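Here is the structure we will look at, set down as structure tokens.
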Amino acid sequence: MRLIFALFKFYRMFNKRVKIRELLAQEPTGQEVTVMGWVRSFRNNQFIALNDGSTNNNIQVVAELGKFDDTLLKRITLSASFKVKGTIVPSLGKGQKMDLNAATIEVLGDSDAEKYPIQLRNRPTLEYLREVAHFRFRTNTFGSIFRIRHSLAFAIHKFFNDKGFVYLHTPIITASDAEGAGEMFRVTTLPFDEEKNKTPRNEDGTIDFKEDFFGRPTNLTVSGQLEGELGATALGDIYTFGPTFRAENSNTTRHLAEFWMIEPEMAFYDLEDNMNLAEEFIKYIIQYAITNNRDDLEFLAQRLAEEEKQLPQDKRSDMGLIEKLEFVLNNNFERITYTEAIDILRESNHNKKKKFQYPITGWGMDLQSEHERYLVEKHFKKPVILSNYPREIKAFYMRQNEDGKTVAAMDILAPGIGEIVGGSQREERLEKLEARMKEMHIPADELWWYLDTRKFGSVPHAGFGLGFERMVQFVTGMTNIRDVIAFPRTPKSAEF
RNA sequence: UCCUGCUUAGCUCAGUUGGUUAGAGCAUCUGACUGUUAAUCAGAGGGUCGCUGGUUCAAGUCCAGCAGCAGGAGCCA
């Protein structure tokens, strides 16, 4: 019995695939292993750099000269896939600590080098890689980005789970058109062939949505917040983490038509509790990535440093990527009110020299990107939490402050990214909420279910939304949001 | 949606004031070499100059329209 077990163990040792990340952490002691992966480079007709996606580091497979026939060697091309069995020994070369001396090399899938769109030595641009998004995963840059993206997503669930939050799945398809968070994508099964006039019509010529799948107009969600509040006012603390859709014609480095958002919503929280949670949350997930993705962050830090070398001096960052993240961890976010922000901006030399494209007209104005950037990047040089905005420039559901002018809103602004979190304490007083909805022409009858939370055991509560891709941008240092999501959806672009 | 810019070989880019046959590096292919490290060396093939129209004896180059992409703005996360 013991012999069978030993044989089995030996068999497994020799045949079970080991991930390259695990293998490289071991010491080379002549162990027999099987690895599988894709060819990154084939040097000297003898050395195969094999990568399996578990890390940017490759295992160097040594195919001893004369041991394998030419027809096999010809098939070792960029991105071809292989199963290699052999022995791990200390490397004779200088670039790596171990070699895999191949006993057998088995082709899993050929890769026609003439047609393969990415040549790693060519330094393909990020723009080009977006056009071959199905292959950009095979580059070091995107390998690192997507492993970090995964870590951040996992850390988010861990953070909230450890705090006893309930992960709530709010709907992707919503009937509510009243959230006011931007243009929506219509969801319908109605035919829209205008020529044949198949679209069902009412007598007055408008479209008859009673014939539609849900019997009413429906859209893709722009936010799970309102539904989230229903959960929070029963379960206590909830968070959502799902896709969100905005049909805005936005062409910027920080907008997507389909993106992922985290929206925690907490009963019995006030604005300050909300800010404390958001700051702790952001620091936690950054710390998680630093602890668990050191190699990938170092790779991206180097990539960013090289990219910035091409920029003029004044556009380069003061800190390296990892330095920047550690700085964020080790310092409190600056907390100021909107009113204080306006004062700072008004008194700034930048304003006095009339360098703002949009002048500081005074209290009540909406802050432009350039103003936010000035506060975060020039004045404080760290993340800033802005709170208590004028009620006129904020959403209907935000809690009205006693001054009658402001609401208990808070935005977190991050250097290089801008607004990364938007949140508020919610208006829990029915009369105040209804009055505000009336002023802002929000149809109360469509939101009867939302208002009910204020009629039956209403409680103070608060929440915020964090744009996941913007967070990934901040951690990876990628300047374009399209490079931190696997398959970006932007205006005129939905390939793959 | 607005403003600005870009579009030349598989990729990254040169291409002068409009002038004969549009170049380079890398990649690819062929050969050589063999402890390489983005391997190296030699040779070869590879182009509808984004699309449509215009100006001109002549357009990669000038003009207009369109498309796509990028950056900035707005909207926002």
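Every chain is numbered from 1 and lettered A, B, ... according to where its sequence line falls, protein lines coming before strand lines. Source: prediction; values computed, not measured.
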**Message:** By nearest atom, which of the nucleotides rC75(B), rC69(B), rG35(B) is closest to the Gln46(A) side chain?
**Reply:** rG35(B)

**Prompt:** Looking for any heavy atom pair under 4.0 Å, which part of the strands does Phe47(A) touch: base, sugar-phosphate only, or nothing?
**Reply:** base

**Prompt:** Should the ring pair Phe396(A) and Tyr450(A) be called parallel, tilted or perpendicular, given that the plane angle runs from 0 to 90° and is split at 30 and 60?
**Reply:** perpendicular

**Fill in**
From the candidates rG72(B), rG35(B), rU28(B), the one with an atom nearest any side-chain atom of Glu114(A) is rU28(B)

**rU28(B) versus rG47(B) - spacing of their C1' atoms, nearest Å** = 16 Å

**Asked** For every nucleotide of nucleotides 37-47 of chain B, 5' to 3': is a protein heavy atom under 4.0 Å from its base (B), only from its sugar-phosphate (S), or from neither (-)?
**Response** BBBS-------

**Prompt:** Starting at the 5' end of RNA chain B, which residue's closest nucleotide do you reach first, Ile118(A) or Met261(A)?
**Reply:** Ile118(A)

**Fill in**
note: Leu73(A), atom CG; rA32(B), atom P; distance rounded to Å ~ 14 Å

**Request:** Can you tell me the distance, in whole Å, between the CD1 atom of Ile481(A) and the C1' atom of rC76(B)?
**Result:** 10 Å

**Prompt:** When the C1' atoms of rG15(B) and rU8(B) are considered, how many whole Å apart are they?
**Reply:** 9 Å

**Test applied, ring pair (Phe, Tyr, Trp, His ring centres under 6.0 Å); reference residue, Phe160(A); option that passes from Phe241(A), Phe281(A), Tyr284(A)** = Phe281(A)

**Asked** In whole angstroms, how far is the P atom of rG71(B) from the CD atom of Glu127(A)?
**Response** 6 Å

**Asked** Donor-acceptor pair under 3.5 Å: do we get one between Arg246(A)'s side chain and the base of rA77(B)?
**Response** yes

**Asked** Considering only rG74(B), rG31(B), rG71(B), which nucleotide approaches the side chain of Asn480(A) most closely?
**Response** rG71(B)

**Request:** In whole angstrom, give the distance that lies between atom CZ of Phe135(A) and atom P of rC11(B).
**Result:** 14 Å

**Request:** Would you mind telling me which of rC69(B), rA73(B), rA77(B) lies closest to the side-chain atoms of Ser493(A)?
**Result:** rC69(B)

**Prompt:** Do the ring centers of Phe47(A) and Phe42(A) come within less than 6.0 Å of each other?
**Reply:** no

**Prompt:** Just to confirm, is there a sub-4.0 Å distance from OP1 or OP2 of rA70(B) to any side-chain nitrogen or oxygen of Thr253(A)?
**Reply:** no

**Message:** Considering every strand and a 4.0 Å limit on heavy-atom distances, what is the contact class for Tyr358(A): base, sugar-phosphate, or nothing?
**Reply:** sugar-phosphate

**Request:** Could you state the atom-to-atom distance from CZ of Arg136(A) to P of rG10(B) in whole Å?
**Result:** 22 Å

**Asked** Looking at Phe159(A), is Lys283(A) sitting on its ring face, NZ or CZ under 6.0 Å from the six-membered ring centre and within 45 degrees of the normal?
**Response** no

**Message:** Ignoring hydrogens, what is the shortest heavy-atom contact between Ser223(A) and Glu227(A)? Give both atom names and the distance.
**Reply:** O-OE1, 3.8 Å

**Distance, C1' atom - from rU16(B) to rA59(B), rounded to whole angstrom** = 15 Å

**Message:** Can you tell me which nucleotide in rG72(B), rG31(B), rA70(B) comes closest to the side chain of Arg130(A)?
**Reply:** rA70(B)

**Message:** If you only use heavy atoms from C-beta on, which nucleotide in rA73(B), rG74(B), rC75(B) is closest to the side chain of Thr252(A)?
**Reply:** rG74(B)

**Message:** Can you confirm whether the side chains of Glu22(A) and Gln26(A) place a donor and an acceptor under 3.5 Å from each other?
**Reply:** no

**Asked** Applying ring-ring contact (aromatic ring centres under 6.0 Å, His included), which residue pairs with at least one partner in residues 71-118 of chain A are found, sequence neighbours left out?
**Response** Tyr116(A)-Phe135(A)

**Request:** Using the C1' atoms only, state how far rG54(B) lies from rG45(B), rounded to an integer number of Å.
**Result:** 37 Å

**Message:** Can you measure Asp483(A) atom CG to rC69(B) atom P for me and round it to whole angstrom units?
**Reply:** 14 Å

**Message:** With a 4.0 Å cut-off on N to O distance, would you call Lys163(A) and Asp237(A) a salt bridge?
**Reply:** no

**Message:** Whether the side chain of Ser250(A) and the base of rC76(B) hold a donor-acceptor pair under 3.5 Å is what I'd like checked.
**Reply:** no

**Request:** Report yes or no: is the ring centroid of Phe468(A) under 5.5 Å from the six-membered base ring centroid of rA77(B), with the two planes under 30 degrees?
**Result:** no

**Message:** Work out how far the C1' atom of rU7(B) is from that of rC49(B), and round it to whole angstrom.
**Reply:** 10 Å

**Request:** Using only heavy-atom distances, decide whether a donor-acceptor pair under 3.5 angstrom links the side-chain of Asn251(A) to the base of rG72(B).
**Result:** no

**Complete:** Output field dot_bracket for RNA chain B (Watson-Crick or G-U, both distances under 3.5 Å, | for other-strand pairs) contains (((((((..((((.....[...)))).(((((.......))))).....(((((..]....))))))))))))....

**Asked** If you check the Arg470(A) side chain, which of rC75(B), rA77(B), rG35(B) turns out closest?
**Response** rA77(B)

**Message:** Could you check whether His134(A) and Phe487(A) have their ring centres less than 6.0 Å apart?
**Reply:** no

**Message:** Tell me whether Lys394(A) is salt-bridged to Asp411(A), with the criterion being a basic N under 4.0 Å from an acidic carboxylate O.
**Reply:** yes

**Asked** Does any donor atom in the side chain of Arg43(A) or Gln60(A) lie under 3.5 Å from an acceptor atom in the other side chain?
**Response** yes

**Item:** Given rU1(B), rC29(B), rG74(B), the nucleotide with the shortest approach to the side chain of Ala113(A)
**Value:** rC29(B)

**Request:** Using a 4.5 Å cut-off on heavy atoms from C-beta on, say whether the side chain of Val62(A) contacts that of Leu100(A).
**Result:** no

**Prompt:** In whole angstrom, what separates Leu78(A)'s CG from rG10(B)'s P?
**Reply:** 18 Å

**Request:** Using the C1' atom on both, measure rA27(B) against rG46(B) and round to a whole Å.
**Result:** 11 Å

**Message:** Please give the distance between the P atoms of rA24(B) and rA9(B) as a whole number of Å.
**Reply:** 14 Å

**Request:** Please measure how far the P atom in rC3(B) lies from the corresponding atom in rA64(B), and state the result in whole Å.
**Result:** 14 Å

**Rounded distance in Å - CG (Asp366(A)) to C1' (rA73(B))** = 14 Å

**Prompt:** For Leu256(A), which contact category applies under a 4.0 Å heavy-atom criterion: base, sugar-phosphate, or nothing?
**Reply:** base

